[in-house]
Amino acid sequence: MARRRLDSRSGPTGLLGEIQTQISTDVLENHFDITGELGRGKFAVVKRCAEKATGKVFAAKYLKKRRRGRDCRAEIIHEMAVLEAARNNPRVVNLHAAYETDHDIILLLEYAAGGEIFDHCVSEELLPEAQVTRLIRQTLEGVHLLHQSGVVHLDLKPQNILLTTLSPLGDIKIVDFGLARRLGAVGELREILGTPEYVAPEILNYEPITTATDLWSVGVIAYMLVTGESPFAGEDKQETFLNVSQVNVDYSSEAFSRVSELAVDFIRKLLVKAPEDRPSAADCMTHPWLWPPCPGLEPTLPVPRTLRERSSGGKWAMPPEDTEDKENLHDSPHAKRFRFDEDAPVFTEGDL
Ligand code: ADP
Ligand code: MG
């Protein structure tokens, strides 16, 4: 395997420069049939393709090497390096191979056939809360593992959380690591990044970026999945930014008419201005909202010992009791177990 070294450590911007994946100069189309477009951003097009030899389907992300007249190869190498670092994270899409043409570097990614969870935020029919909690739990599992490895995503939004299958609703896969950064290597990270509706207040204020920045976005995603509304979207960018910096969120009963108190409590704890007051991904995973009463919905990744310890420390003050949602609080063996969890499974760091 070729090893490319542009920079031995992450640089002052938190970019990684070392990759293991060989970038092939073979013509991708000689080996794959392109069968459609899956998505498009400013500098990337993602196409569905099938390997000629095996019929196996992948998503090919074509990334422009030059953007606004500037060579952006380093950014693409960084995106690949982050994907490689997350190879063992089951909630992150897998990088299979890479190709290069005169204009693009093409990342051949694991195909997430179920589309974006965004479709479920804007659909006439919202997902039942038990499905939402499953998707949020899986998102937190992925984010927790990223944060453990010192990586922040910084562009978590419903368009970047995909599903393995649509019907039945599959598992989530996090994509789009173009804005992800390595924290802690050198000094503080302050950059204007992200998408207005999903961006955290500290980014607007040019304050330090931390793992808590991603947790804000998880709060926004949870809000959108349960209400079908974007909490901070204004008439224009300026109004959106103002809503974010003032944490101007609609918790009215119209928006939350069919939403449990526990869901509101979860969201309220994430959409707080001070990053240090937001729970970590690990803390979030112990929130009682995420452990619904259905015995079939077991955690798909282990809950580490540190979470059990933290969860008994009273991080989650109980929300006001909702008579309509009592079973979530009182009848759920999981909710009880993850708050007072004498018998919760014990896992080592190595399991993660
Ligand atoms: P951009 O940086 O342009 O936002 P993304 O990596 O987010 O690029 O990809 C754009 C869109 O393409 C996604 O929002 C999604 O709809 C689709 N997409 C990306 N990766 C995959 C994948 N692995 N499987 C299926 N669809 C994908
Ligand atoms: Mg994207």
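Atoms considered below: every heavy atom in the structure, side chains included; atoms not considered: hydrogens, waters and symmetry mates. When a ligand or atom number is given, it counts from 1 through the structure's own listing order.
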Fill in the blank from the handout: Here the pair of heavy atoms bringing I34 nearest to C49 is CD1-CB, 3.9 Å

Problem - Subset of ligand 1 atoms that lie under 4.0 Å from at least one heavy atom of G39 - result: 11 (C), 12 (O)

Practice task
Please find the N/O/S atom of D176 nearest to the Mg ion (ligand 2) and write down its name.
Solution key: OD2

Problem - Nitrogen or oxygen atoms of Q159 and ligand 1 under 3.5 Å apart - result: yes

Problem - N/O/S atom of Q159 inside 2.8 Å of the Mg ion (ligand 2), strictly under - result: no

Completion exercise
Note: ligand 1 atoms sitting under 4.0 Å from heavy atoms of A44 are 3 (O)

Practice task
Decide if atom CZ of R67 counts as having more than 12 heavy atoms of other residues, nucleotides or ligands within a radius under 6.0 Å.
Solution key: yes

Fill in the blank from the handout: Per-atom filter on ligand 1: closer than 4.0 angstrom to a heavy atom of V93 are 23 (N)

Practice task
Hey, could you give me the CG/CG distance between L135 and D171, rounded to the nearest 0.5 Å?
Solution key: 8.5 Å

Exercise for the section: Please work out whether the ring planes of W289 and F266 are parallel, tilted or perpendicular, with thresholds of 30° and 60°. Expected result: tilted

Problem - Under 4.0 Å to a heavy atom of A112 - the qualifying atoms of ligand 1, by number - result: 22 (C), 24 (N), 25 (C)

Handout entry: Min N/O separation N160 to ligand 1 under 3.5 Å
Key = yes

Fill in the blank from the handout: Note: ligand 1 atoms sitting under 4.0 Å from heavy atoms of G41 are 3 (O)

Problem - Minimum non-hydrogen distance to atom 21 (C) of ligand 1, winning option of L162, L38, L109 - result: L162

Practice task
Using the six-membered ring of Y251, assess whether NZ or CZ of R268 lies under 6.0 Å from its centre and within 45 degrees of the ring axis.
Solution key: yes

Exercise for the section: Please report the shortest heavy-atom distance between T164 and G170, naming the atom on each side. Expected result: OG1-CA, 3.4 Å

Handout entry: Subset of ligand 1 atoms that lie under 4.0 Å from at least one heavy atom of A59
Key = 21 (C), 22 (C), 23 (N), 24 (N)

Exercise for the section: Taking atom CD of E37 as the centre, report whether more than 12 heavy atoms of other residues, nucleotides or ligands fall under 6.0 Å from it. Expected result: yes

Handout entry: pair Y111-V46: side-chain heavy atoms closer than 4.5 Å
Key = no

Exercise for the section: Taking the six-membered ring for Trp and the single ring otherwise, decide whether the centroids of Y223 and Y198 are under 6.0 Å apart. Expected result: no

Handout entry: Numbered atoms of ligand 1 (with element) below 4.0 Å of E116, judged on heavy atoms
Key = 13 (C), 14 (O), 15 (C), 16 (O)

Problem - Numbering as shown, the atoms of ligand 1 that approach E110 to under 4.0 Å (heavy-atom distance) - result: 22 (C), 23 (N), 24 (N)

Exercise for the section: Would you check whether D176 has a nitrogen or oxygen atom less than 3.5 angstrom from a nitrogen or oxygen atom of ligand 1? Expected result: yes

